[in-house]
Every structure is written in structure tokens, then in C-alpha cells.
Amino acid sequence: MKSPPFEYHRAGSAAEAAALLGELGFDARILAGGQSLIPLMNLRLAAPAYLVDITRAPDLAGIGADGGGLHIGAAARQRTVELHTDTLATAPVLSDAISNAGQVPVRHQGTVVGSIAHADPSAEVPAAFKAQGGTVTAQGSGGTREIPSEDFFEGYFTTALAEGELVTAVTVDAWPAGTGHGFLEFSVTAESWPIALAAVLIHTSGGKIDRASVVLGGVAEVPLRRPEAEAILVGSTPSAEAFEAAAEAAAAGIEPLSDSFGSGAYRKKLARVLTRRALTTAAERAGGKA
Amino acid sequence: MTIPKVRQHPEHLEWVGKSIPRVEDPKFLRGRGNYIDDYEVPNMLEVAVARSTMAHAKILSIDTSAAEAVPGVVAIVTSENVTDHVNPMPDFGPSPDKHTWYCLAVDKVRYMGEGVAVVAATSRAVAEDAAELIEVTYEPLEPLTDMLEALEEDAPLIHEALGSNIPFHRKFTFGDVDGDFAAADVIVRDTLHWGRSGGQPLETVGAVADYDAATGMMTIHVNSMSFTHFLFLLANTLRVPSNKLDLQPHPSGGSFGAKFFEVKTATIAAMMARITGRPVKFMQDRLDNIANGDHHGSDRYYEVELAAKADGTLLSTRYKVVDNYGAYIQFGVGQHGNSLAQAVGPYRMSSIGYDLTAVLTNKCQQGAYRGFGSEVGNWILERMVDLMALELGMDPVDIRRMNFIQPDQFPYFIPTGNVYDSGDYEAVLNKTMELSDYKGWRKRQAEMRAEGRHVGIGVCTCQERSVFSATEFWFWFDEPVAAPVTSAPESVTLKVDAMGAVTATLYSNASWGNSPETMVAQFVAEELGIKPEDVSVVYAGSNQGMPATGPGGSRFTIMVGGAVEGASQSIRAKAAKIAAHLLEANEDDLVWEEGGFAVRGSPDQRKELAEIALAAHMFKHSLPEEIETGLEASHVQDHPYTTMPNPERTNLGVFYPFVGHASHVVVVEVDPETGRVEFLDYAAVHDCGTVVNPRSVGGQVIGGTVQGLGSTLYEEFLYDEDGVLRTPSFAEYLIPSALDSPTLRVGHNETPSPYTPYGIKGGGEAGRMMAPSAICAAIDDALGIRIRRLPATPERIVEMVDAANS
């Protein structure tokens, strides 16, 4: 299990990274925490000719919240984001998701943006990001642009990034007071890959749900929003019946694939169970805040 | 051999029985263990193996031209020319000429991951770069992975020379099976399937080979040296004279059976070393180990019937077993000898029927895994006893207790011919009930169930046989395959130097992550009256070695204990002569006490071992003429108790005589919607005779139990119907970590063996031989289902719940 040969480059800034990507071309990949890319290279499932390391670029390391939401730089480590007070205040669903993503030493290496850019549809961070919503800041030789989280994930390990672009930061939208979140996943062993997960947020007002977000992971080629479930929730009073109906709707339309971890039918069943339980938790939290 | 004499064990032991810290710890914890991958020699090459991407295919051609062009590549051997360099691998199976295996596939590939070429290059990375460029043209053949399909007339043949996929079938009858079934009031039947898992050592198998063309000596550094008296087989494979092969042992970072007589890695390294004229390292990576390591565990399908009287008295068990051995069958059906060694469990049963069919398919071949097949037998029997309890409406504890072999019935010969040396099963069960607070848990279970929680309690009472005799490799056949091998020896040399310091030399690769040096240090300290930390333990290479078998079948501690005992007796005998001379006393008047000889009745008149050793080494000419210089002795411990099978094979003789016992009580809570199993409590009491080091036995029990948990809930080498290995890495092959493990409470009971030094029985495979039975019973109890197939993954549990509800 040794990687094929590659050339290592280190970028000192976002602009330098973008320039290097442009110069090195299609065979170049960004190296951040390396917790997904390096194992893939060692398994010879990925063989980039060039790596551009962005972890020493000071302008990519930041994390902080303002009125517009939570800003996370591309080099910010998962563990830092997970424990950051701004995350806990603004996007606790992301903190929960990170806490499920690998063991602590892995999270000290891995980055939040790296996980989003890697776009593994079973991973925790992309699902939580999409559930809360936000934007991806992409930088290429042509400048920077903002891509809504809803449009970012296009397929298995495939995103809306153009060739030569890297993600320099993401912004997670803030939700108002009265929001509760739930994040639940199921993995066969504590340290194995999740085979299904649910990331949900609901906002209640006057005893009724007025805003809901339900996203499933591990059941499709992207972190999957479930609008049918959201439609059932909005306008209803938080209740076991409402959550069961929403969970059923969330699982109804999906057709997960089978693999060695579990069949499609089992994943579908898990999706329903996890959604219902995540909504129950979210409602308790929303009530507590209201 | 007849029954050995019953030993009188000493009343007081100074070191045996104490939880001294492991003497191995300082070197391993400091990173100075000298593991094989840390062993580097100048000018060394490394190899990578190119593996079959097909499950079953004829090899039409292999193109290595692109690989040869990679800078740094020194030599490539492929399926097309491997037979020019080596002979077939050693094979203990039936008719080895009909399912021959080499270190690489020859003519056709028989499973996904089988080696088709090996590249030696200046680094492992370069070797892998080149291996990727080797182009193999295959003609695909129909893949076969299902063991029942393999039995069908028109099934594709794995080995054409065999003419079928059945290398072995025989129906054994031990005792009056038909009579017992006719006398039964109740017969329960079931079909059960034990899935294929395997030992996953942190360190894989590795070898560094160096061939000296000037002397013809082939030296191979390995982390898997065992069966040194069988290494002539490896010499034959390598085409070197047996006295020109030297294996040098390095400690191994875990085995669990997976390194048991593993010589393929050494073969590949040695082959490439001779071809290149340079030292060659082959260190398996995880894929090499999982896909092609020749050590997958049992993969069995059972149809079982258990007969009993209406009051719960167990009478007989009839087994029809099919075992999916994979593409080859290196150890024959030895795994079933392990099952038959304890086929009645701890229960009085007067007969056993055993219809065994081994089949070959397109999977990696089986080897050894902690229990070596006996863990499967335990699970089957305990599943059936639970079913009988259910059928009769009895408590699972009561049915076990009433059928126990009683303490006054030992030595107890079971129908297969094996003997149980000693035991007190009721004492173990009682201790377990107490440790687990079984009654309290039953009460809490009722309360938790009232809250809607799915809580279950499982109990098992299982045997652990120890110290195999090699007869179990051939008693399957009418004629012995080779000689009637009856011993599996272990040797030690003890040297007391001129300063009185003691060095113990071991002759197998005893260090498998267990505590062999600690054991030896405790034995030497006990025998020679010194401190364990003052004993130096070293390992000899095979060429200067003595017969040794190494760990396996929970044998090492007992056997090396006997070897140390024997060598110490010789040392004390010689020392007595010298002491008598120095003290001008009659040898018969000397007593050995506290590490020296004293004149009986005159304790002041004594010579310490160090004084005697100094005389022995330096002043030979002052001593009686017959005394040679030095104070050193070796002892070969042969198997203490084994007898021959009868010609009809209705009695297999004594082959696994030192039989421990354990009882586990498990409390689980299961989430019926997801299938998640959570452990609320786990208590285990083990009886492996006299315990040498309670702390290290406790570690064995905990580790073995967690491995048993893995085999029960998660672990499976999964091949799909196309023969594709779906679990080639730890991303897919799921092993439990500390986070998945219960907090075990471990207790010991000690029923000494009458036949072994100090009364020790083996304990190295404990845990894994019990956990599956207890955990399955607990899950069944929680959900009202019946587990028939392992692993019982969360998904399978949910399916069972759904089936029960529909």
C-alpha cells in the first residue's frame, strides 16, 4: 500500500494555490488534511501527479462568525471547528456531525472544507453543511465566485467546482433563535463508515414548525435533501405523529444502493428511523431555545 | 503411550500464580522489539505481489515488459515460471497432489487475490508501481463460492485433478448414536451457519531472506517460525538441503493463529533472494494479508440434531457438516479434530455422529484462527442446548447444570476418544452467577422490559481443549499420510553461567503478542530459586535449534513449562553432584531449597547456585572426573498424554487432553429498529487449571472475548457470487474496537490438571470460544428471535425482527 509517485507543492496563500492549480493542470489535487486523499492514493484508487498543500496558507486558516453566518477557511481543522464557540452558537449541527467523523486524532488533521470538497455522499460534514445551508467560496484563475450549498454537490465525489478552482472557504448560514437540530448516523462499528445518516434543523414559532431542513447521507450520490419531509413538517405542531410521517416521507422516495455494509432496503429503513429520531431531538432543542 | 502418572503438585509456589509485570513490556513499549519490518540489511530489495483480479480463470499469458522497464525493478517471477524456482508449498491435507499449491497461482487462478507475479525492486513503492503494470490475460471460468453448490454434480471444478470439489468426506460414529436417538423423548433440529472471519494481527507476516551462494545457506528472518521439526518441508519447497536452511525468529505483533506455520511469505522472499543474489524483504500489507494470507477461519454449514430425555438429560448429537475450505486445504480438516476434541462440551452425552464434508471453492484457503475450529463446535452445541431448553420450557442455566460431568468422573473419556483431564463445571457456573449477579439481572430485565426496552441475558458453559497432539492431522484417514506423528514437542535450553546468571533459549517463534518470556521467567524462577527479572530469554534460529512447535492450540505455556521443568531437573542433578563435592557431603544428604543446596539438618552448610556454577565453569579439574565443564541442560518436552486412534476410527484416541472450562453471562440491549447491540454487562469466569499469571490470563480472556464479539456481530470475509472479495481492507472488514467492547469482569477458578507441570491448562484461546454462544443467546432473549447465522450483523438482526413480526 504505497502511493504512486507524485510531486509536492506548497502554497503560501489562496492566490498562490489557485495559480499553482492553473499551472499544473488537470492532474493536480489540493492537499488539506489528507485524511481522505492520502488513503485513496495509498490504495492506488487516486493517482494525482501533483499535490498542492494549502495547510500552511495563513489566509485559509480562519474561522469566525458574523451576521452573515459562520465562516470556515479551507485549512481550518475539523477539531478546531468542532469545539469553536462560534460553531456551537451558530451551527451546532456541524459540530455534532464533525464529532462523528473519525476519531479525535483524525479530526485534528482533517479539514471541514476538505470534507465538503471531497463530496463523499456518506460523509457527515457535507450533509450537515447542506442541511443548515450556506455558500462555498471557489477561487480560480478567473477570480472568486460563490456557489450555494444546494448546488455544490453534483454526484459521487463530484462538485460544481470547475477545473483549476479550489474551495477557499465556506460560509454556513445562521438560523434564528428557536432553531433545534438533530444529527444521527448509524455505523456497524463505532469506528466504521456511516451507512446512513440524517441531519435536520427545525425552527418553531408559536408552537408550530415554520421552517425545516431534512438531509440524508449515505443513501444517494449526494447528500440528499428531502423536500417532501420538509413540506409535512412546516405548519405542523411538533409531535411523534408528525415526525413519523415526515420520516416516512423522507425515506419513501429514496433508492439507496447495496454494498458490503448494508443493503439498499436496510439503508432505507435506517433513513426513516434516523430521521424520526433526529427530528425528535431537534424539536426538544428548538423548544428549549424558544 | 498409556495414561501418564498423576502428579502431586507442590503446596507452595513462589512465582507461579503471581501477576508479575510482563518481562516483554520494556522492549516493546520502548519500540525496541526488533519487529521484522524494522529489520533492515544493506543492499536489500523489497517485493510486491501482483494479484488476481478474477476469482476463477485460466491464465493465458502474462506480459511483464512494461513492469521490467520501471527503474529500480530487479527481478520478476510469474505464474508462468514459478515452478522453475520452487516446489509446491507444504501441505498436510488429504492427497496433496490433487490440490497442489505454490506460492503463486500456476496455470489458473483459484480466488481473487491469489498471487500471479512477484516483483523485487529497490523499494516497495517501486515494486508496487511495477506490479500494477503487469498485464495478465485470463480466460474466465465460472466462479464458485457457495459451499452447497460446490457439492453439485455439474459444479465447476476448482482442481481438475481431484475430479470433484470434495477433498474429504467421511461419516464418523462415536458410540451408539442410533440407539440414543431411539431412546430420546425429544429431538431438536436446526441448520446453522458459521461465517468466515479471521485473525487480524496488527502486524502482518513478514520475512527477510538472504541466500549465500558461497555456502549454500538460506537464512530467512521471519515473524512466523513454528514447527521447527517440520521445516524440512520448507527446505523442500525452496530446493535447499534441510541443513542449509536457517530461520531466525523475530517477535510477531499478534497472530491469533494467523501466523501458524505461515511459510509462504518466507518462500516468496527466499525465492527472490536466490534469483537476485541480494537480501529480499517481503512484508505483507493489509491487502496481502486479508486476500492472500492463507489463514481465513472456519466457514461452516451445519445440520444438527440433539436428542434428550423429557427431563432435559442430553443423550446424543448428530452433525452433518459442510466446511468451505476455499481454494486449497493446507491443514486438511484438522479444524474439525478441534471440534471433536470437546464434542460433548461439558455435558454427559454418550454418543456423537459426525458426517464431515470438506469442499473447495474460489475463496482464499483456511488456516488457523483462535480456537482452530473448536470455537465453532462450541457455538453449535450451545445453540442446540439453548434450543432444547426452549423446547422443554427449561431455564438455560438449569439444563446446563443438570447435564454437567461431575468432578468425581474425571478423567472423563468422551465418545470421540479424547479425555477431559479434570474439571469442576458447577463451581465455575456458580462463580459466574455470582460475578454477574444473574438473579439481579433477571429482575432488572423484567423491569426494563416493562419500560419497553429490549434487554436479553445469555449464558454459556463451554470447554477449552488445550495442547494438541499431531495425530489430529492424520486420524481422518485410514492410512497415515506420513509417519504416525504423535508428538508436538517444545524445547528449552537453560544455561547457568559462571556468575550463576540464567539464560533460557527458546526454539520457536513463541512471541505472538502473548507472554512467553514472562512464562519462562516465572518457571525458571520457580525451578531454580531466582528472580524472574534476572532470567534472560533468547531465541535460537532453526538451524542451531531443537524441536519446537511454538504457540497454537493453547499449548505453549504447558509445554515450555515441562521443558523448563525437565532442563531444571538436569541442572539441579549436576549441581547436586558439584555441591556434594564442595560440601564434602553425601549427595543423598543434600536438599534443594531457596536456590541452593544445603546439607539436611545443617542449613548453614550450603552452596548457592552461583557458587556451584562458578565451580562448574572454572574448576573442572577440582571436581570428580565425570563432571564436564559448564552448567547447561536442554530438554525436549514431548506431548505428555496422547494415544493412537483405533483402526475403525470409532475412537480417535487422546489428542487434546487438558481441558479447561468457562462460563460467560452477557446482558445486552438491542435496538430492534437498527439492530444495534449494546452491552450492559459481561461477566466471564475461566478455569484453565493452575494460573501462571492471572493478569496475563485475564488479558487473554478479554482479547479473546472481543474477538469472539467480532466473529459474532461484524466480521466476515465476504465473497459475492462472482467471487469478488468485498472486504479487502479494514474499511470493509469491520473489527470491534474498545468503543464496541463491553467492560469485562473476569474471574478465575482453578482446577489443576493432574498431568501437567503445576496443573496448568491452556488458556490462550479462551474468550473467543465462548463469547459467540453467550452473545447470541442474549440477543435471542432480547428480541424473541433465533440466530442461525454468523455474523449476526445489525442488518441481519433487523431482518430477523421483521420476519418474527410478520
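Bear in mind the structure is a predicted one, so any value in this text is a computation, not a measurement. Both backbone and side-chain heavy atoms feed into the values below; hydrogens, waters and symmetry mates do not.
- Looking only at distances, a side-chain donor or acceptor of B:Arg676 sits under 3.5 Å from a matching main-chain atom of A:Ser187.
- Annotation: maximal heavy-atom pairing with chain A below 4.5 Å, among B:Thr674, B:Leu734, B:Asp285, B:Leu739, occurs at B:Thr674.
- Note: B:Glu799 CD to A:Tyr266 OH = 9.5 Å, rounded to the nearest 0.5 Å.
- In this structure, CZ on B:Arg726 lies 7.0 Å from CG on A:Asp259, to the nearest 0.5 angstrom.
- A salt bridge does not link B:Asp129 to A:Lys2: none of the charged side-chain nitrogens sits closer than 4.0 Å to a carboxylate oxygen.
- Neither the backbone nor the side chain of B:Asp720 comes within less than 4.5 Å of any heavy atom of chain A.
- Taking 4.0 Å as the cut-off between side-chain N and carboxylate O, A:Arg277 and B:Glu673 count as a salt-bridged pair.
- With respect to chain A, the highest number of heavy-atom pairs below 4.5 Å among B:Asp740, B:Val677, B:Asp671 belongs to B:Asp740.
- Only the side chain of A:Val273 comes within contact range of chain B, judged by heavy atoms closer than 4.5 Å.
- Side chain of B:Glu128 to main chain of A:Met1: a donor-acceptor pair is present (N/O by atom type, distance under 3.5 Å, no hydrogens or angles).
- Judged by distance alone, the side chains of B:Ser737 and A:Glu191 do bring a donor and an acceptor atom under 3.5 Å apart.
- Looking at B:Leu718, the atoms closer than 4.5 Å to chain A (heavy atoms on both sides) all sit in the side chain, from C-beta outward.
- Listed options B:Ala48, B:Ala731, B:Ser729 were ranked by heavy-atom pairs under 4.5 angstrom with chain A; first place goes to B:Ala731.
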